[in-house]
Q: 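First the structure, then my questions, so here it is.
Not measured: the values here are computed from a predicted model. Starting from 1, each residue takes its place in the sequence as its number. Atoms within a ligand are numbered from 1 in the order they appear, just like the ligands themselves.
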Amino acid sequence: MDQVLELKNIHYTYHTLDGETPALTDISFSLNKGEFVAIVGPSGCGKSTLLSLIAGLINPEKGLIKINGKYLRESTTNIGYMLQHDELFEWRTIYHNVLLGLEIQHMLSAKTRARAHELLDIYGLKNFEKSHPSELSGGMRQRAALIRTLVLEPDILLLDEPFSALDYQTRLTVGDDIGQIIRQEGKSALLVTHDLSEAVSLADRVIILSGRPASIRQTIPLIFDLEQNTPLNRRNSPEFKNYFNLIWKELNCDE
Ligand code: ADP
């Protein structure tokens, strides 16, 4: 299978005036094309740090990161980053919010504008193109944020707790919805979450991190015997509880 992302023996420590905070130790894993991997671990263990390294926002102290076979610094692959808050600008319409990344990256053209309209149409926001973010529900806003990311045609999507600002009911439906869109678009995705049921309902594989400094405790492939492998069907399947308990136990095995 094609590897879009490879991390080998990554170490990272924060150096501040107050001292050193080792965040990651000896992290190695890869992400295959079209694969959806969830990363779970205790709060503050280093999950966001891992995504910042992959996004190239910070550099590893030791180890290497390759994207589509090239070192991160030399890679021209587009990486999309989706955060906890949708970061939509209220003074812009939904359509103009979706165009923001294209504007920043000087990629605005008739073709990319048409793609923006197309994605808004496919994913049910056509009638909200001229609306402002405050006129949309939390779920619709998160969809708009995803479309803003997708229109840049990223090969890899980094999702850092993208649903955690939503209330429980909404995050269930939005999580499932966004997960389906990512699958439909054939993207490779890395989801950081503290919500085990979100990880089990969305991912192909779950990587469990230890407490800080994070190392990989275990990787669990998620295999469901379902005709339609949707997040909702997964939640209602017998395998769901088994995987949930397995990951829960592994996360809490020191306590
Ligand atoms: P998580 O996403 O798993 O909650 P983070 O990756 O945000 O964890 O943080 C890992 C550890 O590194 C935490 O203990 C946090 O306090 C520390 N940390 C994060 N960012 C910085 C920073 N800019 N400077 C110093 N320490 C940091």
Q: Can you check which of Thr49, Thr13, Val40, Leu17 brings a heavy atom nearest to atom 5 (P) of ligand 1?
A: Thr49
Q: For atom 2 (O) of ligand 1, which candidate among Ser48, Pro42, Cys45 provides the closest heavy atom?
A: Ser48
Q: What orientation do Trp248 and Phe244 show, parallel under 30°, tilted 30 to 60°, or perpendicular over 60°?
A: parallel
Q: With heavy atoms of Thr16 as the reference, note each atom of ligand 1 found under 4.0 Å away.
A: 24 (N), 25 (C)
Q: Do Arg115 and Glu185 meet the salt-bridge criterion of a basic N to acidic O distance under 4.0 Å?
A: yes
Q: Starting from atom 10 (C) of ligand 1, what is the nearest protein heavy atom, named by residue and atom, and what distance separates them?
A: Gly44 O, 3.4 Å
Q: Rounded to the nearest 0.5 Å, how far apart are CD1 of Ile54 and CG of Leu72?
A: 9.0 Å
Q: Would the number of heavy atoms belonging to other residues, nucleotides or ligands and lying under 6.0 Å from CG of Asp225 be above 12?
A: no
Q: Can you sort out which atoms of ligand 1 are near Arg212, meaning under 4.0 Å from one of its heavy atoms?
A: 11 (C), 13 (C), 14 (O)
Q: So, do His117 and Tyr95 have ring centers that fall under 6.0 Å from each other?
A: yes
Q: If the threshold is 4.0 Å, N to carboxylate O, is there a salt bridge linking Asp155 and Lys33?
A: no
Q: For atom 24 (N) of ligand 1, what's the nearest protein heavy atom and its distance?
A: Tyr14 CD2, 3.5 Å
Q: Hey, is atom 20 (N) of ligand 1 under 4.0 Å from any protein heavy atom?
A: yes
Q: Salt-bridge test for Arg171 and Glu198: reply yes if a basic N is under 4.0 Å from a carboxylate O, no otherwise.
A: yes
Q: May I ask you to check if ligand 1 and Lys47 share an N or O to N or O distance below 3.5 Å?
A: yes
Q: Among all protein heavy atoms, pick the one closest to atom 8 (O) of ligand 1 and tell me residue, atom and distance.
A: Gly46 N, 3.2 Å
